[in-house]
2 protein chains.
Amino acid sequence: MKIDPKKPADLSAQIAQAIRDAIVSGRLIVDERLPSEAELADQFHVSRPTVREALKRLAAQSLIRTQRGASGGAFVNRLSFEDAYSQQITTSTLLLSMNAVSFDTACEARYALERACAPLAAVRRTPDHLATMRAEIFRQAQPGLTDEAFCASDVAFHRALVDGAGNPVLSYQLAGAVEAMQPLMNMITFSARSREEIIALHSQIADALEENDAPAVDTALVALEAYTRQLACNVAERHRKPA
Amino acid sequence: MKIDPKKPADLSAQIAQAIRDAIVSGRLIVDERLPSEAELADQFHVSRPTVREALKRLAAQSLIRTQRGASGGAFVNRLSFEDAYSQQITTSTLLLSMNAVSFDTACEARYALERACAPLAAVRRTPDHLATMRAEIFRQAQPGLTDEAFCASDVAFHRALVDGAGNPVLSYQLAGAVEAMQPLMNMITFSARSREEIIALHSQIADALEENDAPAVDTALVALEAYTRQLACNVAERHRKPA
DNA sequence: ATTTTTTATTTGTCTGACATTTAAAAGTCT
DNA sequence: AGACTTTTAAATGTCAGACAAATAAAAAAT
């Protein structure tokens, strides 16, 4: 593991990259202990603060974890799906907000991905998934629910749908898309009428999944996408002439 | 922006989280300059190295960038799609390798996502996308191509397909799935016969896209998924009885 | 044998210093 | 005055050394 002494600045970035490469390439395996900070400082011919900055970079990506005390140190971290979820949600959220992706583009992507899960979910969904979806539908029908709470329940419903596909990779990929859209969804004001409509479509989806009817799930998802985009369009309309 | 002085350890993590929250919530906007390290150290009542560790964490997530010199400092970074791509590829790759996701699971996820792009790509693909795909197909047919080069070309082909959907959010989501699978794909030895088969299916896909024939794209993708899984299955077979 | 104490190791944090980069201010010359 | 050069100040990058706190293993005491 070497770093280029010619490149002047950002030694900590180079060291982080060297260690990252070692992890990605498998030269450092899960739960293996890295040398202590002092040893790393010697190896790379830098000071301990510089090594520490490099390690913090890796910790921010959940590539390593650290423990204090004797026989402590930095260990290669087994990246959990949870860690990956939360990282992706942060990244996706920022990407959507900072790059000013249009609601339509985000919505299209989200429902395209969800429709990809539908056929699998129709086959593999467990009673547990169905129960979660029914519970969220029930919650969405509660009067006096705030728009934020309604959106949160919507997210939970769709996560259950995605998880129903029984493919953790899909769940991981979709977590970002679904959750990152929540801030955009929160801008929509859900009238009692529109909530009814959404709940009806959610029920259609749950029913179709219960009966393992993939085409029906797809139909309902298409309708839900169209309705969501229409709601968003109305919001934009209202913003244009706010009188 | 406050940090909890009760929590004993990992001040840098707390500070990083505080700044991260400020960025995600929009209190710090793109290209805004953060206070200097010395000022941040004062504000949070910590030393400069601690602040620096926090900033390096954020830099590792591409949330900030730093500039040296007068009027330099740390600036909120506009997260580019490129940054997000590469981060997700790293995360996805590690997730697949560390969690020992089966080839089938990864393959299923990847093709489910690609099929989600197909209908959009059939409508929106540009001559440019088609040209890229044709070029990759041509490259794949070259004799003497290594398995790694064949895989790389395969990835490029599928990226063109995904990009053809004209939805940057989908491209971003799928970059991880497609690229992260490359190490797994590299384990497959592609015989001349199997390459022919794959190239034929790639051509089918390109033809169908050219004719805006979404169902045909779907059919070819289904066939390609089945064939890929069969190849992987043969590899597993050979590994079981290596004589 | 069990419990307690000590000790060594390692990360977490602080202080202070110097090097390097960079833009702006000051100075100089035409 | 205007263009060029030099100086200066501010900021990050790096280093050295120190102490605090946590923790597990070794040593000691019961």
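Naming: A, B, ... by sequence-line order, numbering from 1 per chain. Bear in mind that the values here come from a model prediction, so they are computed numbers and not experimental data. Note that these values count all heavy atoms, side chains included, but never hydrogens, waters or copies made by symmetry.
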* Select from A:Gln67 and A:Ala13 the residue whose nearest nucleotide in DNA chain D is closer to the 5' end of that strand. => A:Ala13
* Listed by chain and number, what are the ring pair (Phe, Tyr, Trp, His ring centres under 6.0 Å) partners of A:His158, not counting sequence neighbours? ->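 In terms of ring pair (Phe, Tyr, Trp, His ring centres under 6.0 Å), with neighbours along the sequence ignored, A:His158 is linked to A:His202.
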* Which residues satisfy the ring pair (Phe, Tyr, Trp, His ring centres under 6.0 Å) test with B:Tyr111, sequence neighbours excluded? ->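 With sequence neighbours excluded, B:Tyr111 shows a ring pair (Phe, Tyr, Trp, His ring centres under 6.0 Å) to no residue whatsoever.
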Any side-chain N or O of [X] under 4.0 Å from OP1/OP2 of [N]?
X	N	result
A:Arg52	C:dG12	yes
B:Thr50	C:dG12	no
B:Thr66	D:dG13	yes

Just jot down the side-chain contact (heavy atoms from CB on, under 4.5 Å) partners of [X], sequence neighbours excluded, or say none.
X	answer
A:Leu130	A:Arg125, A:Leu209, A:Glu210
B:Asp104	B:Ser102, B:Arg229
A:Ala59	A:Ile64, B:Arg57
B:Ser171	B:Tyr85, B:Val162, B:Asp163

* Asked: What are the residues of residues 70-80 of chain A, sorted by number, that bring a heavy atom to within less than 4.0 Å of DNA chain D?
  -> A:Ala70, A:Ser71
Residues two or more places apart in sequence or in another chain: which of them pass side chain to side chain donor-acceptor pair (under 3.5 Å) with [X]?
X	result
B:Asp42	none
A:Glu179	A:Arg159
A:Asn186	none

* Please list, by residue number, the residues of residues 57-65 of chain B whose heavy atoms come closer than 4.0 Å to an atom of DNA chain C; answer none if no residue qualifies. => none
* **Identified side chain to side chain contact (heavy atoms under 4.5 Å, CB included) partner of B:Ile19 from the options B:Val51, B:Leu63, B:Leu55** => B:Leu55
What's touching nucleotides 16-20 of chain D from the protein side, N or O pairs under 3.5 Å?
unit_1 : atom_1 : unit_2  : atom_2 : d
D:dA18 : N6     : A:Arg48 : NH2    : 3.4

* Given C:dT11, D:dT12, D:dT14, the nucleotide with the shortest approach to the side chain of A:Leu11 ->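 Closest nucleotide to the A:Leu11 side chain: D:dT14.
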